[in-house]
Amino acid sequence: MKLQYILRVVVLASIGAMTMGIAPRAHADVPEAMRALEAGDCRRAGDEVNKGIDRDDAQAYFAAGLMLDGSGCTRSDPAKAARYYQRAAELGDRNAPDFLGLLYGMGRGVPQDYDTAYRWFIHPRGGEVAGASLQGEQARVAGYAYTVAHLARPRVKYPRNAERDGIEANMVAVFDPASGHVSFDQVRANTVVGSNIPKPQPFVDAVSAGYAAAILEAPPLPEARSTRLTCRTPWAFRLQRVTLDEAVPSLGVATIGRTEIASR
C-alpha cells in the first residue's frame, strides 16, 4: 500500500470518526499522529503514536498498524501491523477489523485464510451487530467477496469530469464470487452545485474497473463455484476534504459500506 492511499483512509475513516465522537477513547495526540503522517513527519507521528500506546489507546494501535503497513514511514512489516490491528480491534477501534481482514484475505503478514478474513470483516465495532455468521465454505466465499470489495475501494477513482461538475453518486455493487460478474442496483447521481445533468455511468464504470483489478489481485478461490452467494456492497461518491488543512479544496472520494451477503 502506498502512503497516499493510507492517508486517505486514515483521514476519512479514523479522523472522521474521532471528530464525530463515534470512536471510543479518542485523544488529541492520535489525530496529531495523522497530521504528522500527512506532512511526512514520521518521527513526530511515531512519537504521538507511542504516547497513545502507553495509555493502551485503541486508535494509537490502529495508527501504529498503518505505519507498519507500507506507509513509507518505516520498514513494512505486515506481521507486526496485524498484531497492532488486532489489539486495536480488541480495544474497540472501528477501522482496524477491516484492515486486519484484508491482511488475512491477501495473506500479508498472516496465513492467507478467507474464513478468518470474513470473521474480522464482520467483527462487531462500536456496539454494532455484525449479523448472522456464515460457516465453512460459505464463510470462505464471503471472505473472498469482502476482500475483493476492500481491494477495489482504493482503486476506484472519482470520475474527473463528475468531480469538476460537482456530481455525487450512490449505488450498490452486486458481486457474484463464482463468475466474478458485477452488476449494479439503486444507481443514483445528483449535482451538488450548478445545473449540471447528473450522469451515473462514469461512476458505474469506475467501480467496475476497480472490481476487475481487485479480482486479478486477490488470491483465487476455487470453492466459489460450489457456493452461490449474493454479495451487495453500497458505494458512495462524495465531495469532501481529504486532508486536515482547511485551505485544501474538496476532492472526490469513493467509500464503501458494509457488504451484505445472502445465499441464493
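Throughout, residue positions are numbered sequentially from 1 according to the sequence presented. Basis for what follows: all heavy atoms, side chains included, without hydrogens, waters or symmetry-related copies.
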Please assess Phe121 against Thr259 for the test side-chain contact (heavy atoms from CB on, under 4.5 Å), listing each intermediate value before the final yes or no. CA-CA 9 Å; Phe121 280 126; Thr259 299; over 6 Å; no
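- A salt bridge between Glu163 and Arg160 is absent, with no side-chain N of the basic residue lying under 4.0 Å from a carboxylate O of the acidic one.
- With hydrogens and angles left out, the side-chain atoms of Asp56 and Tyr61 include a donor and acceptor closer than 3.5 Å.
- Contact check on Asp69 versus Arg108 returns a salt bridge, with a Lys/Arg side-chain nitrogen under 4.0 Å from an Asp/Glu carboxylate oxygen.
- Using a 3.5 Å distance cut-off with no hydrogens or angles, the side chains of Asp205 and Ser208 do not pair a donor with an acceptor.
- The heavy-atom pair separating Ala218 from Met106 by the smallest distance is CA-SD, 4.1 Å.
- Between Lys199 and Asp165, none of the side-chain N atoms (NZ, or NE/NH1/NH2) sits under 4.0 Å from a carboxylate O, so this pair counts as no salt bridge.
- Counting only heavy atoms from C-beta outward, the side chains of Arg153 and Ile256 approach each other to under 4.5 Å.
- No more than 12 heavy-atom neighbours from other residues, nucleotides or ligands sit within 6.0 angstrom of CD on Glu260.
- Ionic pairing of Arg43 and Asp47 is not present here: no N-O contact between side-chain nitrogen and carboxylate oxygen is shorter than 4.0 angstrom.
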Walk me through it: do Phe175 and His181 pass the test ring pair (Phe, Tyr, Trp, His ring centres under 6.0 Å)? CA-CA 6 Å; Phe175 177 54; His181 178 70; 9.3 Å; no
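- Exactly one of Tyr158, Trp235, Phe184 qualifies for a ring pair (Phe, Tyr, Trp, His ring centres under 6.0 Å) with Phe203. That residue is Tyr158.
- Between Asp98 and Tyr146, the side chains place no donor N or O within less than 3.5 Å of an acceptor N or O (distance only, hydrogens not considered).
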